[in-house]
Amino acid sequence: MKRLIFKALLLVVPASFACGELADSQIPAVAKQSIFTFEGTIKVLNKSNVPNVSDLSKSLIVSVDNVKTQTPTASKAFGSWIGKEITVLRGSDSATNVELKVGDRATFYTKPFLYADNVAVSAIGITKGSASSGCCLGNIMAMAAEEKANDLLKAEVSNAEAVVTGKVTNVRSLTEPKMAALKMMNEKQVAPRVSEHDPKWQEAVISVQAVGKGEPQKEVVVIFPGSDDRMWDRAPKFQKGQVGTWILHKNQIKNPSVADVLLARETDQPNQPTAYTTLNNEDFHPADVDGKNQARIQRAIEETRPK
Amino acid sequence: MKQTLLCCLFWPILSFADIKVVDVIPKSLSDETNNDSEPNLAVNPTNPRQIAASAFTPDPLGGDTAPIFVSIDGGKSWALNSILPSQMETGDITLRFGGSSNVLYAAILRQPIKDQHPEMVICRTSSFTDPKLMDELITRKGDLGVDQPYIAASTIAGKDRVFIGDNDLNDADGHTASIDRSLDSAAVPAPAGFSNPFRIETRSTIQQDGPQIRAAIASDGKTVYSIFYRWIGSTGSSLNVDVVVVRDSNGGAGQALFSDLKDPKDNLAGVRVATNRRLPWDGRLGGERLGGDVAIAVNPHDMNLVYIAWADETRGSYTLHLMRSKDGGATWSADLRTLKTAKNPGLAINDQGVVGFLYQQVVDNGAEQDWVTSFEQSANFDSSPKPIILSKFPVPDWSPHVPFIGDYLHLMAVGNDFHGIFSADNTPDKANFPSGVVFQRNADFGRKVLLGTDNSTIIDSSIDPYYFEIAGSPTH
């Protein structure tokens, strides 16, 4: 339904942004690509408030009026953006070469460039006028952001063996048989070598409350990296008592010998659970009060289900 | 002896004016609390005002590229430029400029990690301050991954030569200590002269070598050294290792690379400087993980004069050793310096032959333990010079994420100047920076607190990278 609304909104946009060089049909795609989207007021043309800008004719200083979309990383790294003056670099394409003068308001779709005393971004699209004054662009951008997140989620769900909702009942080291098998592989020189980026595999035992995709099962094991090395920052890590939805994979460990060991069904355990991995950030969604996470995942399951 | 006496007589005490220490986090990132550890540094030898630096620093806007720090005023001010082909941040990263090409090279482990094995990417740019993404020259992971790429670069006869020490874990024989090299990396299109890695290990191992592999290129363009740990055994969580130095006397050209230094005991390539040493793997020192540290530098005017630093566990303490060879690596001195509870060595030799030695050490001051970053310089280290303390801060009483300050740092020389980078706590306390410091980010040194971009909100302290320059070593 949201997709339909999204497409319908596109039909309304042209009237609001006739002045922009960014074609209206391009807006959703550009909005999805944009890392940082904001409305701003032009303060200075052909100038920059950061060093290292070689072509000032493509540079302008903009005061931020309103942030439309930004990443969680950005909202953590920066305080309030309102009133901050940042440099926007335009490209040579028509999408960013909008005719602008001091005092004009515009919406900027951007990617990161430079962080010095001030911040500079590279524009991938500019629409003249205030999005908030237009009836629909704010909604389009919100939906573009949601689409972007949903695309990632759908890719993971589509690629997954199973999707389950449940609770972590135990976190432990790899089981003895798996440890022994890995050790034997090491001796036979088929196991991964040692590096400071070793995942240090651990197991989370999940008591399953609902199955969204895959065969019914009461308990599963998630093999996850216990390492706090930077290479594993984005892999979800688990603690006893956590509740949420896991997108479970059998294809994330590429070394087939290692995968055979780690992902083997744990027949020595009481419930003989199947083992999976969840190595991507999108592979675990904690339970939320309003159930939005679960609804998103359910939608992703439905949209990726083979017809 | 005569040289030592002259040094003592004419070596003035360096003042703050001779030492520059700068926290490279830009002002616009005053709200950040990231652990910006494991730094690296590249000063352009042709124009030392151009400097690039790196750390485990994410793109602050959360973009799909990773940043490097850039300076165009000799390190006085810094910006962060997101031009690396890695999602938001990199894994291990090192940087180096060509000798006279103005080309910047980066060797990174790309994020996100695709399975459990890191992928190495070597890339370059001829305009490191521009927003253009660096060009990928070669990408390699194999079935078992590549670890800790560390660059050395020079320009010989108008062509950039790049040597990257890395632990390519894909060798079936366990000869994983490797060098990726190009003899013309600046001008040629990708892969720019890079191809398969060259295995510098010649002996049996326990399936692999250690991840620390460093190269040093002599100014004659013909002589290239490398140092690495050969892993020969393990006991519990400790390894048994040899420290090996190899040399190539043909500038990295030809087929039999790094085979010009034979160990007289077995006539195989690579002199074993130290044998069967105990080395802790994944132990902790002051909250930082341990697993080996090496550094190497060659005198710019004497290709046979080489210094190395390496770590082992000596009498229960993680210990750094500094040694010298005057005959191209064939024989080695006893320890010139022995530093207990120290890691992260950096070595460089300036145009006057002065040796710079950088390290980070846990020092017990009676009341508490401090992480102390020190720089020493000497004509020959026949006697122990007084260290210059660049930073000190208390060892955390909690268990930090690792790498805490990093598995490595970097020191280099351009002309007579030493340039280096290290990571340390950023509490704005002058007592923590005995050689002085300049912060770009907002800070109140009176109250000893960091301030946010609004210049009023108090921000938690964290780990930042610090560029430093020890300018114009005195003549002797």
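Below, chain A is the first sequence line, B the second, and so on; all start at residue 1. Because only heavy atoms are used, hydrogens play no part in the values below, and waters and symmetry mates are left out as well, while side chains stay in.
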Ring center gap for A:F36 and A:W81 short of 6.0 angstrom: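 Judged by ring-centre distance (under 6.0 Å), A:F36 and A:W81 do meet the cut-off.
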
So, do A:W246 and A:F238 have ring centers that fall under 6.0 Å from each other?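 Here the rings of A:F238 and A:W246 have centres that are less than 6.0 Å from each other.
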
What part of [X] gets closer than 4.5 Å to chain B, counting heavy atoms only: side chain, backbone, both or neither?
{"X": "A:V50", "value": "neither"}
{"X": "A:S54", "value": "side chain"}
{"X": "A:P112", "value": "both"}
{"X": "A:R234", "value": "side chain"}
{"X": "A:Q70", "value": "neither"}
{"X": "A:N118", "value": "backbone"}

Look at [options] and state which one has the largest set of heavy-atom pairs under 4.5 Å with chain A.
{"options": "B:S37, B:P60, B:P26, B:S127", "value": "B:P60"}
{"options": "B:Q111, B:E32, B:Q148", "value": "B:Q111"}
{"options": "B:D31, B:L61, B:T129", "value": "B:L61"}
{"options": "B:Q440, B:E38, B:Q87", "value": "B:Q87"}
{"options": "B:T453, B:I72, B:T90, B:D59", "value": "B:D59"}
{"options": "B:I25, B:N167, B:N35", "value": "B:N35"}

With chain B as the partner, which of A:D229, A:V119, A:I35, A:D228 has the greatest number of non-hydrogen pairs under 4.5 Å?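 Of the options given, most contacts go to A:D228.
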
Show, in sequence, the C-alpha distance, side-chain angles and deciding distance for A:D283 and A:Q252, and conclude whether the side chain to side chain donor-acceptor pair (under 3.5 Å) test is met. CA-CA 11 Å; A:D283 289 343; A:Q252 290 179 325; 2.9 Å; yes

Is the number of heavy atoms from other residues, nucleotides or ligands under 6.0 Å of A:K76 NZ greater than 12?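 Check fails, neighbour count at 12 or below.
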
Between [X] and [Y], does any side-chain donor sit less than 3.5 Å from a side-chain acceptor?
{"X": "A:N280", "Y": "A:H249", "answer": "no"}
{"X": "B:D73", "Y": "B:S77", "answer": "yes"}
{"X": "B:N102", "Y": "B:N44", "answer": "yes"}
{"X": "A:N97", "Y": "A:S94", "answer": "no"}

Between A:F113 and B:N81, is any pair of side-chain heavy atoms under 4.5 Å apart?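 The answer is yes; the side chains approach within 4.5 Å.
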
Looking at B:F56 and B:P403, what are the two nearest heavy atoms and their distance? CE1-CG, 3.4 Å

Contacting moiety of B:R441, where chain A heavy atoms sit under 4.5 Å: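 It is neither, since no heavy atom gets under 4.5 Å.
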
B:D209, part contacting chain A, at a heavy-atom distance under 4.5 Å: neither

